[in-house]
Each structure stands twice: as C-alpha cells, then as structure tokens.
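I have placed the structure first, in the form of structure tokens, so that the comments after it can refer back to it.
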There are 2 protein chains.
Amino acid sequence: MEDRTDKASSDKATYQVTADDVAKLAGVSRWTVNRAFKKEASISAKTREKVMQAADTLGYLPDLLAASLASDRSNLVCLMVDDFANPHKLVMLERLTRILRKHGWDSLLVNTANDTETSAALMSASQRRVDAAVVIGIQFNDSNLATAQGARRVRKLIVFARSSENPDTISVCCDDVAAMDTITDYVIERGYRKPLFLAGPQTSSAHLGRKETFLRRWSNEFGQTPDFLVADRYDARLAYDLIHGTFVDRSVQDLPDIIVCENDALAMGAVDALRYGLGLRVPEDIAVTGFDDIPQVDSPNYKITTYRQPLTAMAEGLVEILRGTADNSALNHFRGQLVVRESA
Amino acid sequence: MEDRTDKASSDKATYQVTADDVAKLAGVSRWTVNRAFKKEASISAKTREKVMQAADTLGYLPDLLAASLASDRSNLVCLMVDDFANPHKLVMLERLTRILRKHGWDSLLVNTANDTETSAALMSASQRRVDAAVVIGIQFNDSNLATAQGARRVRKLIVFARSSENPDTISVCCDDVAAMDTITDYVIERGYRKPLFLAGPQTSSAHLGRKETFLRRWSNEFGQTPDFLVADRYDARLAYDLIHGTFVDRSVQDLPDIIVCENDALAMGAVDALRYGLGLRVPEDIAVTGFDDIPQVDSPNYKITTYRQPLTAMAEGLVEILRGTADNSALNHFRGQLVVRESA
DNA sequence: CGCCTTTTTGCACGCGCGTGCAATCACTTT
DNA sequence: AAAGTGATTGCACGCGCGTGCAAAAAGGCG
C-alpha cells in the first residue's frame with residue numbers, strides 16, 4: 001500500500017489508477033469497486049458512495065479497453081462515411097455522435113472515401129470489436145461486404161439514411177416512397193408539368209429509390225415518364241456541370257419547369273447552374289426542390305424547398321438496434337416533412 | 001485441436017479466431033504469429049509467409065483491443081468537435097481521418113457541442129486510452145482542461161487549426177500573423193481603405209489572433225484602428241444578422257468598403273446580408289474576404305476571396321506529434337495561400 | 001432470539017496480445 | 001569442420017476488468 005501511494009504521487013502523470021487501488025482505499029474488494037460503476041449492479045447505496053468517494057480522490061475511472069476485452073462488448077460504433085462533399089454528412093454526424101454518446105456509445109469515424117479501402121476499413125473496425133458498423137448515407141456495396149471477411153466480427157451492419165436490400169444489413173431510413181409522394185403532390189399542386197429529376201449515384205436497390213418513386217408516380221398521374229439526369233456523386237459542382245451542359249444550347253420551350261433533385265447538394269448546384277450558367281431565374285423560369293434540408297439551403301441565396309428527415313428519431317432507432325430492442329419493421333419507414341421555401 | 005476446428009466451423013459467425021489457432025495451423029508459436037503482423041518485427045520472410053497464409057485461411061486478424069491493453073498504446077485518437085455549423089469541420093474531418101488512418105491511427109469522433117460535456121468527453125476518451133485528444137478548430141477552454149482530471153490519462157492534448165497558449169497543449173495551426181499579413185497586403189493593394197473586421201468567438205489567447213493581427217497591422221499602416229464586429233459562433237446566419245443589424249440604417253458614406261472575415265462561414269453570411277438584406281453589390285459596393293476556402297465559397301453565388309490552410313501538411317504534422325518525432329517549433333507556423341476570387 | 005430469505009460481497013479464471021529475455025537456429029570465417 | 005556471430009523463435013508474466021457462482025451479511029418473521 002505504501003509504495004502504491006508513493007508510485008501514484010511520484011509520477012501521477014503516467015501511473016494508471018486501477019480498481020485495486022480504489023478497493024484498497026475504500027476497504028472493499030476490487031469487484032465491488034467495479035460494481036459501483038455499473039448502473040444496474042447489485043450493490044448497497046452506502047458501499048457505492050464509499051467507493052465513489054475513494055475513486056474520486058484517486059481520480060479513478062474504469063478502463064474501457066479492459067472492460068471490452070473481458071466482456072466482449074465495446075460500446076463502440078463505427079461510422080463509415082465515403083462522401084465528405086455533402087454538407088448533410090456533417091449534420092448526420094452531429095446527430096449520431098450526440099445521440100449515441102447519450103446512450104453510452106462512442107463513435108469511430110472511418111473515412112471510406114477511397115472506395116477500395118472500404119472493406120479494409122471494415123476489417124479494421126472489426127479488429128476493435130465494434131458493436132456495429134454504420135454506413136452513413138450510401139448504399140453499401142455488395143462486393144465490399146462479401147470480400148470483407150472481417151465483417152463476421154462486426155456484430156451488426158447498419159445502413160443509415162438509405163434503404164438497403166441486403167439481407168445481412170439493417171436499414172434505418174425514412175420512407176422514400178412517402179417522402180417523394182409528398183414532394184410530388186406539392187409539385188403537381190403548384191402546377192408544374194414539365195419536371196426533370198436530378199438523381200444521385202444509382203444503387204443496386206433502385207426500385208425503391210427516390211428517382212423511381214417520382215418517375216412511377218408521375219407516370220401514373222400523367223401517363224408519361226419525365227426526363228432525368230444522373231450525377232454519380234452528390235456534389236454541387238457536378239450538378240452544376242450536368243445541368244449547365246444539358247441545357248446550355250436547348251431552346252426555351254424545351255426546358256423543364258421544375259428540377260426535382262434527389263438531395264440538397266444537387267439542388268444547390270442546379271440553382272447555381274440555372275442562375276449563373278444559364279441566366280435563368282429561380283423559381284420564375286425554372287423551379288427547384290431538394291432533399292435533406294441542410295443549413296445551407298436556408299441561405300437567402302437559395303431558399304430551397306426541400307424535405308427534412310427526422311434524424312433524431314432515426315438516431316434513436318439506431319440505438320434501439322444496438323440494444324437489440326428494435327422493432328425492425330418500423331425502422332425504414334420514418335416520416336419527415338416538406339419544408340417549403342421560395343425555390344418551388 | 002479437433003474441437004477448436006469444430007468450434008470454428010460450427011458457429012463461425014461468433015467464434016473469435018485467435019493467434020493460437022493460427023499458430024497451431026502454421027506450426028509455430030503464438031508469438032511468432034503476432035510477430036508476422038508487426039511491420040518491423042524480426043521474423044524470417046518464409047515464416048511470415050507461412051503464418052500469413054494460415055491466418056488467411058482462418059480469417060484471422062489481430063485483436064486491437066487486447067493489443068492496446070497489453071501495450072498501453074491504442075493507436076486511437078480522439079477528435080473533439082464542438083461546432084458542427086461550420087462546413088469547414090467536414091473538410092478537416094475528412095483530411096484528418098484519411099491521414100491518420102494512412103499512418104495507422106483510428107479516429108474517435110466526440111461531439112462536444114454541449115459545452116458542459118467537454119470535460120466528460122475528455123474523461124471518456126481517456127477511458128479508452130486514446131493516444132491523443134485533438135481539439136478541432138476551437139480554443140480549448142482552460143476550465144475544461146483543468147476540471148478534466150481524466151486528461152492525465154490522455155497522453156497528448158492537441159489543438160488543431162487554432163493557436164493555443166496553454167502550456168499543456170500542443171498546437172498545430174497555420175501562422176495567423178503571416179496569413180493575415182497576406183490578406184492585409186491584398187486588401188491594401190486593391191485600394192480598400194475603410195475595412196471592417198468580422199471576428200468569430202474571442203478566445204483567451206487573443207493577442208495572436210486574426211482580428212488582432214489585422215487591426216494592429218492596419219493601425220501601423222494607416223494610423224487608425226478599423227472597426228470590428230464579433231460573432232460568438234462561426235455561423236453564417238449569425239453573421240447575416242450582425243451585418244444586417246449593424247448597417248441597416250446607416251448612411252452610405254458610413255459603410256465600409258470591405259468586410260474582412262475571420263472565416264468563410266462568416267463571410268458567406270456577410271455576403272448574403274449585403275446582397276439580400278441591404279441590397280448592395282459584392283464586391284462593387286462592399287467587398288468581402290473569408291478564411292479557410294471551404295468548397296461552398298467557390299459556388300458562383302459567392303466566389304469569395306479567401307485563404308487556404310495547408311490541411312494535409314498540418315495533418316501530417318499531427319502524425320509527427322503522435323509519433324513523438326515532431327519539431328514542435330514548426331508546428332504552428334504552417335503557411336497557406338491566398339485564393340483570389342471575385343468578392344474582393 | 002433463532003431460522004430462513006434476500007441482498008450484498010468476494011473470488012478463480014479468462015479475455016488476446018506485448019515485453020523482454022533466453023534458447024535456438026542459420027550462416028560465416030578461419 | 002569447429003567456433004563465433006547475428007538472426008530468429010519461444011516463453012513467463014502481466015495488462016485491467018467481467019462472468020458466474022459461492023460465501024457472507026443483512027433483514028424478516030414468529
């Protein structure tokens with residue numbers, strides 16, 4: 001005990017206080033100390049108090065590494081992001097990290113922008129025994145999943161804010177069909193009749209996608225399928241080039257009266273292209289709608305009509321999955337709301 | 001050996017392959033197996049090959065949790081972000097996660113937006129034995145640092161993209177004095193003579209800040225200190241309100257001819273306020289400069305003249321700190337470059 | 001007050017790997 | 001070919017905590 005104390009005070013900066021030290025000081029066993037730090041442990045109030053006090057004076061905190069190793073649960077979640085160009089990612093990261101931490105999970109942020117490294121990233125995550133890997137906003141590539149043998153050590157594979165057909169995967173997302181129905185209703189109600197759909201990267205599970213929903217719905221309504229363009233990244237600049245390149249030498253009567261975009265990043269690029277590339281007015285000449293309601297589209301420069309996903313509820317749904325208490329049938333049917341601004 | 005094999009095949013999904021299994025298959029000791037996975041280990045090429053092959057067929061990967069526990073180095077870095085409103089954070093996160101991972105570190109993303117939770121976040125990070133905590137873009141609050149006893153288990157406290165005076169802290173940032181000098185030179189050279197500085201949250205180490213540098217420099221040059229405004233968050237909307245509120249009922253001759261902003265988020269808000277709130281033209285009536293060169297300011301809507309920090313080099317500098325091979329004297333003197341667009 | 005039930009506490013063993021050193025092997029030199 | 005040298009391999013012990021159960025303590029009742 002003596003030398004323990006000495007050691008602790010002599011090089012406080014590096015000496016790791018362990019549960020044993022606290023136990024000694026509090027006059028209990030090491031196990032009791034650790035129990036004091038577990039919410040639902042069976043321990044008497046005064047013992048816990050005594051332990052906590054000792055822990056406090058020693059500056060003790062349980063070591064999560066050792067705990068994870070022993071218990072085989074890390075309370076760590078891996079967030080995989082491959083598209084840092086879309087500002088909506090920042091919004092999602094803020095929400096997810098906040099909600100996850102509130103419920104006891106820490107977040108490992110993995111950059112899978114380099115497509116070939118996705119499976120490597122997954123394996124690395126598995127090496128840290130993450131409780132789950134959450135793919136944010138992008139359909140998880142099947143080949144990546146297949147090649148990532150390491151995935152078998154990742155307990156759960158979750159796709160967030162994106163529907164997924166993969167059977168090894170759980171998807172937490174809003175109901176794209178309902179969302180696009182809402183947008184379509186609005187577009188029709190406002191009298192637009194020559195829409196163009198600006199889609200993002202096409203994923204494998206396309207038949208439930210926003211683009212497909214809009215096209216099908218419109219076709220049912222008016223008997224003809226609208227035109228669409230596909231951007232292979234959610235990038236405003238790319239959308240700019242696409243819109244500009246497509247319309248630059250088209251006559252006025254061949255232009256759409258509204259561009260329905262798969263998300264806000266594309267919508268911003270579209271607005272810029274219409275205004276600055278083609279000299280058109282938004283919404284007078286051509287209207288634009290987005291999706292996500294990122295902070296930027298509320299700028300007076302854009303004022304884009306868009307659709308807001310219930311990110312907090314979705315994040316809470318994710319937590320339920322982690323806990324294993326989720327009602328999986330409801331997880332991909334979250335409802336958001338239309339946010340009407342001036343662009344349409 | 002028999003039952004090992006059985007176990008592995010029977011519930012492959014959950015059974016954790018360990019170095020022992022690989023050792024048995026490869027006919028070597030467990031320690032040799034782990035050596036094969038260490039870059040600089042002393043092991044013969046053919047033994048390693050043999051081991052790797054066995055590891056491959058078993059799908060083995062070293063367990064980083066156990067490794068961290070045993071070695072007391074986690075190869076984990078905690079990235080602390082408290083301001084998700086600034087899109088530049090996304091750029092920094094992309095860069096940091098990519099560079100860190102390239103050098104073998106994983107990133108724990110901690111949301112400290114709720115100010116009171118900063119020290120709690122630090123403690124939690126220390127519970128995972130992170131090799132370092134990196135505070136991104138905001139001056140680390142001294143009281144937080146002080147109260148966070150857990151910090152003593154965090155080996156290194158690093159402030160990224162922000163200068164810091166705190167002695168317990170290492171700062172990796174660009175040379176704000178040089179940067180503001182460059183901007184000031186440009187402003188003067190272009191003939192602006194009535195500047196207003198739009199500053200962000202004031203930190204404790206203010207005397208080296210961008211605002212102070214600009215004011216001092218201008219005063220030296222022209223004998224008078226320019227006006228300034230202070231926004232207490234780097235938020236475009238806040239900047240909009242501030243600029244609009246300040247100038248809305250001021251006569252034309254009392255307006256500045258340029259607004260020098262502490263970063264792009266503020267600059268975007270300023271541009272919006274000038275154009276949409278006050279009906280002024282940028283840059284014809286009032287020019288604007290920013291800082292950071294976030295992707296959004298390259299939009300044709302903004303085209304803001306700004307200053308780009310060398311984020312990649314800074315991230316590499318951070319890695320050097322983690323490795324302990326850094327030349328600390330150079331770490332807060334990175335030089336960026338002026339990016340001239342149309343706003344000034 | 002003694003017996004029984006219900007907390008509360010203690011403990012052996014294991015989680016998978018790293019460290020530092022000792023033992024062994026491979027290869028060179030004379 | 002024997003001795004010497006450096007490269008390679010094996011191993012005891014420990015990292016800090018969880019699990020599941022047994023032992024002990026604390027209440028409850030007549």
Side-chain angles (χ1 to χ4, degrees), chain A residues 4 7-8 14-24 26-52 54-55 58-76 104 126-129 131 150 153, chain B residues 4 7-8 14-24 26-52 54-55 58-76 104 126-129 131 150 153:
Chain A
R4 273 300 204 196
K7 201 174 177 188
T14 58
Y15 175 68
Q16 161 118 338
V17 182
T18 131
D20 276 312
D21 303 324
V22 179
K24 223 165 294 177
V28 297
S29 73
R30 174 175 73 68
W31 293 270
T32 302
V33 172
N34 287 1
R35 263 195 207 95
F37 281 87
K38 302 219 74 172
K39 266 282 181 298
E40 2 60 77
S42 107
I43 185 176
S44 75
K46 53 178 167 297
T47 310
R48 170 173 271 151
E49 177 57 31
K50 189 170 55 177
V51 169
M52 291 314 244
L58 260 45
Y60 167 80
L61 286 176
D63 185 314
L64 260 37
L65 237 47
S68 301
L69 183 60
S71 71
D72 203 34
R73 286 178 308 101
S74 60
N75 286 304
L76 236 195
S126 81
Q127 290 186 266
R128 294 206 187 265
R129 298 199 187 184
D131 292 338
R153 252 158 87 180
Chain B
R4 274 298 205 199
K7 203 173 175 189
T14 59
Y15 176 67
Q16 161 119 337
V17 183
T18 133
D20 276 313
D21 302 325
V22 179
K24 222 164 295 175
V28 297
S29 73
R30 174 175 74 70
W31 292 272
T32 303
V33 172
N34 288 0
R35 264 194 206 97
F37 281 87
K38 301 221 73 172
K39 265 281 180 301
E40 1 59 79
S42 106
I43 186 175
S44 76
K46 51 178 168 296
T47 310
R48 170 173 272 152
E49 176 58 28
K50 190 170 55 178
V51 169
M52 290 315 242
L58 259 46
Y60 167 81
L61 285 176
D63 185 312
L64 259 38
L65 237 48
S68 302
L69 182 60
S71 71
D72 202 36
R73 288 180 307 101
S74 60
N75 285 304
L76 235 196
S126 81
Q127 290 184 267
R128 293 203 188 267
R129 299 200 187 181
D131 292 338
R153 253 157 88 181

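Please read these numbers as outputs of a predicted model, since none were measured by experiment. Just so you know, these numbers use all the heavy atoms, side chains as well, and skip hydrogens, waters and symmetry mates.
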Below 4.0 angstrom from OP1 or OP2 of dG18(D), is there any side-chain N or O of Asn34(A)? yes

Shortest non-hydrogen pair, Ala36(A) vs Val51(A), comes out as CB-CG1, 3.6 Å

Side chains of Lys24(B) and Leu58(B) in contact at under 4.5 Å (non-hydrogen atoms): no

Might you point out which heavy atoms bring Arg48(B) and Lys39(B) nearest each other, and give the distance in Å? NH2-O, 3.7 Å

About how many Å separate CD of Gln127(B) and CG of Leu61(A), when rounded to the nearest 0.5 Å? 4.5 Å

Could you list the donor-acceptor pairs under 3.5 angstrom formed by side chains in residues 26-33 of chain B, with sequence neighbours left out?
{"unit_1": "Ser29(B)", "atom_1": "OG", "unit_2": "Thr32(B)", "atom_2": "N", "d": "3.4"}
{"unit_1": "Ser29(B)", "atom_1": "OG", "unit_2": "Thr32(B)", "atom_2": "OG1", "d": "3.1"}

Summarise how protein sits on nucleotides 4-11 of chain D as a single string, 5' to 3': B when a protein heavy atom is under 4.0 Å from the base, S for sugar-phosphate-only contact, - for no contact. ----BBBB

Identify all pairs in which a protein N or O lies below 3.5 Å from an N or O of nucleotides 24-26 of chain C, and state each distance.
none

Starting at CG of Leu76(A), measure out to CZ of Arg128(B) and round the result to the nearest 0.5 Å. 4.0 Å

Show the nearest heavy-atom pair for residues Val22(B) and Ala55(B), with the distance to one decimal. CG1-N, 3.7 Å

Over all heavy atoms of both residues, which pair between Asn75(A) and Gly104(A) is shortest? Give the atoms and the distance, please. CB-O, 3.6 Å

Bend angle of the helix from dC1(C)-dG30(D) to dT30(C)-dA1(D), end axes from five pairs each (to 10°): 30°

According to side chain to side chain contact (heavy atoms under 4.5 Å, CB included), who are the partners of Leu65(A), at least two apart in sequence or on a separate chain? Asp63(A), Leu65(B), Ser68(B), Arg129(B)

Gap between atom CG of Asp20(A) and atom OH of Tyr60(A) - 0.5 Å precision: 9.0 Å

Expressed as a whole number of angstroms, how long is the span from Leu64(B):CG to dC15(C):P? 19 Å

How long is the line joining CG of Leu61(A) and C1' of dC17(D), in whole Å? 14 Å

What integer distance in Å separates Lys46(B):NZ from dC27(C):C1'? 12 Å

The side chain to side chain donor-acceptor pair (under 3.5 Å) partners of Ser44(A) (sequence neighbours excluded) come to Thr47(A)

Distance in angstrom units between Arg73(B) CZ and dG18(C) P, rounded: 9 Å

Selection from dC17(C), dC15(C), dG18(D) that lies nearest to any side-chain heavy atom of Arg129(A): dC15(C)

Would you say Ser68(B) reaches dC15(D)'s phosphate, i.e. side-chain N/O to OP1/OP2 under 4.0 Å? no

Taking CG from Leu65(A) and P from dG18(C), how many angstroms apart are they, rounded to a whole number? 13 Å

Using the closest heavy atom to pick a nucleotide of DNA chain D for each, name whichever of Ala70(A) or Leu69(B) lands nearer the 5' end. Leu69(B)

How long is the line joining CD of Gln127(B) and C1' of dC17(D), in whole Å? 13 Å

Who pairs with Asp131(A) by side chain to side chain donor-acceptor pair (under 3.5 Å), at least two apart in sequence or on another chain? Ser74(A), Trp105(A)

When the distance from CD of Glu49(A) to C1' of dT8(C) is rounded to whole Å, what number comes out? 17 Å

If I take atom CZ in residue Arg128(B) and atom P in nucleotide dG16(D), what distance separates them, rounded to the nearest angstrom? 17 Å

